[in-house]
Amino acid sequence: VQLQASGGGLVQPGGSLRLSCTASGARFRIDIMGWYRQAPGKERSFVAAISSDGGFTDYAVSVKGRFTISRVNAENTAYLQMNSLKPEDTAVYYCAAGPTNVYVATSYVYWGQGTLVTVSS
């Protein structure tokens, strides 16, 4: 599976962005997908995850209620809708797939290249 993340950019505080993660390969439909982020000088941290059928989702406490993860298996694409963005959301966002533990970055098998989100006025 190859993952391609896109949709990052510069947005003002309170604004919204939608990130996309497009995957190649049939395995996408059976893989759990996750979004992680890494701010400058910090470790990569869990943002959200979604099960293969979309029935399970979970979020980091810091984004719960503001971010929504979803997927369209027919399009081999996962999304991260980010609303009410804050300066502390500034980071490179990565999509990933195939974990043994959704909350552990090193357990993911596949990673996208990352897309930069900057929240600033």
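Given the structure is predicted, the values throughout are model-derived calculations rather than measurements.
Using a 4.5 Å cut-off on side-chain heavy atoms (C-beta onward), P99 and V104 make no contact. Looking at V119 and E88, their side chains never come closer than 4.5 Å, going by heavy atoms from C-beta outward. Contact of the V47 side chain with the Y94 side chain is not registered, since no non-hydrogen atoms from C-beta on lie closer than 4.5 Å. Y59 has its side chain within reach of T68: a pair of non-hydrogen atoms, C-beta onward, lies under 4.5 Å apart. No side-chain heavy atom of L17 sits less than 4.5 Å from a side-chain heavy atom of F67. In this structure, V117 and M82 have side chains that are in contact, with non-hydrogen atoms separated by less than 4.5 Å.
For Q113, the CD atom counts as densely surrounded, since its 6.0 Å shell holds more than 12 non-hydrogen atoms of other residues, nucleotides or ligands.
Of the inter-residue distances, the one linking M33 atom CE with I50 atom CD1 reads 9.5 Å to the nearest 0.5 angstrom. L80 CG to Y93 OH: the interatomic distance, rounded to the nearest 0.5 Å, is 7.5 Å. Distance check: T115 OG1 to R37 CZ gives 14.0 Å after rounding to the nearest 0.5 Å. With rounding to the nearest 0.5 Å, the separation of CG in L3 from SG in C21 is 4.5 Å. Here the OG atom belonging to S52 is positioned 7.0 Å from the CD1 atom belonging to I32, to the nearest 0.5 angstrom. In this structure, the separation between OH on Y103 and CZ on F46 is 5.5 Å, given to the nearest 0.5 Å.
Summarising the geometry of S20 relative to T77, their closest heavy-atom pair is CB-CG2, 4.3 Å, with the distance given to 0.1 Å. Nearest heavy-atom pair across D31 and G98 is OD1-CA, 3.7 Å.
Remark: side-chain polar atoms of N76 are paired, donor with acceptor, to backbone N or O of A23 under 3.5 angstrom. A donor-acceptor contact shorter than 3.5 Å is absent between the side chain of S84 and the backbone of R66.
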Quiz prompt | Check against side chain to side chain contact (heavy atoms under 4.5 Å, CB included), V102 and Y108 | solution = CA-CA 8 Å; V102 299; Y108 284 77; 3.6 Å; yes
Quiz item: Can you check side chain to side chain contact (heavy atoms under 4.5 Å, CB included) on D53 and R71, steps first, answer last?
Solution: CA-CA 8 Å; D53 65 356; R71 66 191 295 163; over 6 Å; no
Quiz item: Can L10 and S120 be said to form a side chain to side chain contact (heavy atoms under 4.5 Å, CB included), step by step?
Solution: CA-CA 7 Å; L10 174 64; S120 175; 4.2 Å; yes
